[in-house]
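One structure is given below, encoded as structure tokens.
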Amino acid sequence: MNITRENIDELNAVLKVAIAKDDYSEKVQKVLKDYRKSANIPGFRKGHVPMGLVQKQYGKAVKVDEVNKLLQDNLQKYLTEEKLDVLGNPLPKGQEDLNWDEDNYTFEFELGLSPKFEVDLQPKEAITSYKIVVDDKMLDNQIKTIQKQYGKITSKQEVEAGDEVSGSFVNEEAELNKKTTFEVSKLKGKANTSAFLGAKVGDTITVTTKGLFAEAGDYRAHLGLTEDEAKEQNLEVSFTIAEVNHREPADLDQELFDKLYGEGVVTSVTELREKIKEEGEAQFKQQSDQQLLNDVTEKLIENTNFDLPAEFLKKWIQQSGEKELTFEEAAEEYERSEKGLRYQLIEGKIIADNNLQITFEEIKEYAKEMIKAQMAQYGQMNPSDEELEGIAARILSNQDEVRRLSEQLMNKKLLDFFKEHVKLKEKEVTFDEFVKEVYN
């Protein structure tokens, strides 16, 4: 067998694979001999079928099968030995004149080659790294929420300001039936608030979804619609009051502090505010880190210019799926996936150039840390290493879990790398400012 490569340009090549009879004949004969032992052909005892008949009946199919096996095995071996960085898989070129009755064959395969490029980690303009802080307004709201959550609930028959009502928003035509509980203070506008104030348990109130709540998130929570959907559909909904409750806020005292954090951990309102601020900013850090990763990704794609073997990739997409696409469909799919492919190549180069590859041992240690953190949430503060090893082993026996953890760990490695090597500028913002700036 002989494989030669002809480079068409920097991104495209053709492999020519010459297969001679000596390359496959021995394997074909072995398979046919095995067939002869087990073949059931009328008129002949099992194992005594003439070899010529076996050859006539099965010879061509076996030869085709063995030649294809040779092709696949040796193509992959060639790509590995030559250290060719290819995109997709080799595509066989059409050979309508191929005659399987001959002894020697030549096959051609198209290759899409990965482009050569450099990654500039120092953009002209520094990338914003957000530090989201918990401001006094958010602290005050969170403390009020805690006081209500742990406060005393008093059942009532009539709705007054500050009460919460339970029931269901219903519109049969739109198949809307959303059971919920909300505070009357969440409603928007005097007309909506007045419709509920003074109503009694069992009363049915009719309102429209447009402009019903003051906060966008309340539409999803209490109607099962987005604010835009509620506005566009402007459904007339009925709400039958099933329950009215008044929550007397809990006092900010040691009893409440101990319920929240354990005995003696927090001993004053000042310490409570500090604790809530610390926890909130730790949660926000995950969001700001993810945004930084997204922003660096976008900037790298924007600033790293290279060509791709686009026509080859469109043909590969056309032929590689479960269902073959038209060339137009494949071209559309390529346009959708091009950006992701570019980042995969950029990310791969960063990982290779900076030795950021992940080992199985690192995945196992990462899994153990995650398990330990989860156990701590349920009060198991000091699990033994043996216990962690056992749980990690069970998790890592699942390939989907291994893949998920690998992706998380690689994102963490890349994030740490970007923080150290990419030109950044830190910007301190409140959560509301972050949402407004990032999501507009």
Query raised in the report: Do F257 and V269 have side-chain heavy atoms sitting under 4.5 Å apart?
Result: yes
Requested in this report: Might you work through the salt bridge (Lys or Arg N to Asp or Glu O under 4.0 Å) test for K186 and E164, ending with a clear yes or no?
Outcome: CA-CA 9 Å; K186 296 276 187 180; E164 61 183 30; over 6 Å; no
Query raised in the report: Are the side chain of T193 and the backbone N or O of K190 linked by a donor-acceptor pair below 3.5 Å?
Result: no
Query raised in the report: When rounded to the nearest 0.5 angstrom, what is the spacing between OG in S337 and CG in L313?
Result: 8.0 Å
Query raised in the report: Quick check: does any side chain N or O of R247 sit under 3.5 Å from a backbone N or O of G151, one acting as donor and the other as acceptor?
Result: no
Query raised in the report: Counting only heavy atoms not in K231, do more than 12 fall under 6.0 Å of its NZ?
Result: no
Query raised in the report: After noting the C-alpha distance and the side-chain angles of D432 and K436, does the key distance pass the salt bridge (Lys or Arg N to Asp or Glu O under 4.0 Å) rule?
Result: CA-CA 6 Å; D432 287 343; K436 185 176 180 181; over 6 Å; no
**Report entry** Intermediate values then yes/no, side-chain contact (heavy atoms from CB on, under 4.5 Å), F239 and T180
**Finding:** CA-CA 10 Å; F239 186 92; T180 188; 4.2 Å; yes
Report task. Give a yes or no answer on whether the side chain of D23 reaches the backbone of M1 with a donor-acceptor pair at less than 3.5 Å. Result -> yes
Query - Donor + acceptor pair across side chains of Y261, E271 (<3.5 Å) - result: no
Query raised in the report: Heavy-atom distance under 4.5 Å between the side chains of R273 and D136, does that happen here?
Result: yes
Requested in this report: Ignoring hydrogens and angles, tell me if any N or O in the side chain of N398 forms a donor-acceptor pair with the backbone of D400 under 3.5 Å.
Outcome: yes
**Report entry** Residues K144, D140; criterion salt bridge (Lys or Arg N to Asp or Glu O under 4.0 Å); working and verdict
**Finding:** CA-CA 6 Å; K144 286 178 183 177; D140 292 340; over 6 Å; no
Report summary line: Value for CD1 (I371) from NZ (K364), rounded to nearest 0.5 Å, stands at 11.0 Å
**Report entry** N12 versus D9, side-chain donor and acceptor atoms under 3.5 Å
**Finding:** yes
Query - Nearest heavy atoms of N245 and S155, plus distance in Å - result: OD1-CA, 3.4 Å
Query raised in the report: Between the main-chain N or O of G189 and the side-chain N or O of N192, is there a donor-acceptor pair closer than 3.5 Å?
Result: no
Query raised in the report: At their closest point, which heavy atom of F434 faces which heavy atom of V429, and how far apart are they?
Result: CB-CG2, 3.8 Å
Query raised in the report: Hey, mind stepping through R404 and E401 against salt bridge (Lys or Arg N to Asp or Glu O under 4.0 Å) and telling me if it holds?
Result: CA-CA 5 Å; R404 183 180 66 84; E401 283 297 309; 2.6 Å; yes
Query - Flag if over 12 foreign heavy atoms under 6.0 Å of NZ, K27 - result: no
**Report entry** Heavy-atom check, side chain of T304 versus side chain of L345, under 4.5 Å
**Finding:** no
Query raised in the report: Mind checking whether E160 and H246 have side chains closer than 4.5 Å, heavy atoms only?
Result: no
Query raised in the report: Closest approach of Q319 and L91, non-hydrogen atoms and distance?
Result: OE1-CD2, 3.8 Å
Query raised in the report: Is any side-chain heavy atom of L414 less than 4.5 Å from a side-chain heavy atom of I351?
Result: yes
**Report entry** Closest approach of L212 to T208 (non-hydrogen atoms, all atoms of both residues)
**Finding:** CB-O, 3.7 Å
Query - Heavy-atom side-chain proximity of K16 to K93 below 4.5 angstrom - result: no
Report task. Determine, for R342 against E338, whether the closest basic-nitrogen to carboxylate-oxygen distance falls under 4.0 angstrom. Result -> yes
Query raised in the report: Got more than 12 heavy atoms from elsewhere within 6.0 Å of CD, Q254?
Result: yes
Query raised in the report: Does the ring center of F213 lie less than 6.0 Å from the ring center of F182?
Result: yes
Name the atoms and distances for all side-chain donor-acceptor pairs under 3.5 Å in residues 72-89, with sequence neighbours left out.
{"residue": "N74", "atom": "ND2", "partner": "L70", "partner atom": "O", "Å": "2.8"}
{"residue": "Y78", "atom": "OH", "partner": "R5", "partner atom": "NH1", "Å": "3.2"}
{"residue": "T80", "atom": "OG1", "partner": "Q76", "partner atom": "O", "Å": "2.9"}

Query raised in the report: For D353, does the CG atom have more than 12 heavy-atom neighbours from other residues, nucleotides or ligands under 6.0 Å away?
Result: yes
Query raised in the report: Taking atom NZ of K413 as the centre, does the number of heavy atoms from other residues, nucleotides or ligands within less than 6.0 Å exceed 12?
Result: yes
Requested in this report: Report yes or no: is the cationic atom of K412 (NZ for Lys, CZ for Arg) under 6.0 Å from the centre of the six-membered ring of Y366, at an angle within 45° of the ring normal?
Outcome: no
**Report entry** K423 side chain vs Q122 backbone, donor-acceptor pair below 3.5 Å
**Finding:** no
**Report entry** Exceeds 12 heavy-atom contacts within 6.0 angstrom, atom CD of E175
**Finding:** no
Query raised in the report: So does D307 have more than 12 non-hydrogen atoms from other groups sitting under 6.0 Å from CG?
Result: no
Requested in this report: I would like to know whether L300 and I350 meet side-chain contact (heavy atoms from CB on, under 4.5 Å); could you show each step before the answer?
Outcome: CA-CA 11 Å; L300 288 175; I350 291 171; 3.9 Å; yes
Side-chain donor-acceptor contacts of residues 124-133 below 3.5 Å, not counting sequence neighbours, with atom names and distances?
{"residue": "Y130", "atom": "OH", "partner": "E437", "partner atom": "OE2", "Å": "2.8"}

Query raised in the report: Do T206 and S238 get their side chains close enough for a donor-acceptor pair, meaning under 3.5 Å?
Result: no
Requested in this report: State the CD-CZ distance between E227 and R220, to the nearest 0.5 angstrom.
Outcome: 11.5 Å
Report summary line: With sequence neighbours left out, the residues meeting side-chain hydrogen bond (donor to acceptor under 3.5 Å, both in side chains) with Y150 are none
Report task. Drop me the distance from L121's CG to E420's CD, to the nearest 0.5 angstrom. Result -> 11.0 Å
Report task. Quick one: pull up NZ in K368 and CD in E389 and give me the separation to the nearest 0.5 Å. Result -> 4.0 Å
Report task. Salt-bridge test for K372 and E365: reply yes if a basic N is under 4.0 Å from a carboxylate O, no otherwise. Result -> no
Query raised in the report: So, for F169 and L176, which heavy atoms are closest and what is the spacing to 0.1 Å?
Result: O-CD2, 3.0 Å
Query raised in the report: Could you walk me through whether K156 and E158 pass the side-chain contact (heavy atoms from CB on, under 4.5 Å) check?
Result: CA-CA 6 Å; K156 300 176 61 178; E158 185 175 325; 5.9 Å; no
Query - Heavy-atom donor-acceptor pair, N177 side chain to V170 backbone, under 3.5 Å - result: no
Query raised in the report: How far apart are the C-alpha atoms of F327 and E311, what are their side-chain angles, what is the distance that settles it, and do they pass the side-chain contact (heavy atoms from CB on, under 4.5 Å) test?
Result: CA-CA 10 Å; F327 188 76; E311 292 308 305; 3.5 Å; yes
Query raised in the report: Any donor and acceptor pair, going by atom type alone, linking the side chain of T209 with main-chain N or O of A230 inside 3.5 Å?
Result: yes
Query raised in the report: Does the S194 side chain pair with the main chain of A191, one donor and one acceptor, at a distance under 3.5 Å?
Result: no
Query - Within 6.0 Å of CD in E426, more than 12 heavy atoms from elsewhere - result: yes
**Report entry** For the student: nearest non-hydrogen atoms of E66 and V31, plus distance
**Finding:** OE2-CG2, 3.7 Å
Query raised in the report: With a 4.5 Å heavy-atom cut-off, do F418 and K299 have their side chains touching?
Result: no
Requested in this report: For S185 and E183, test the side chains for any donor-to-acceptor distance below 3.5 angstrom and give the result as yes or no.
Outcome: yes
Query raised in the report: Is a side-chain N or O of N68 found less than 3.5 angstrom from the main chain of V64, in a donor-acceptor match?
Result: yes
Query raised in the report: Taking side chain as C-beta onward, heavy atoms only, is L260 less than 4.5 Å from L272?
Result: yes
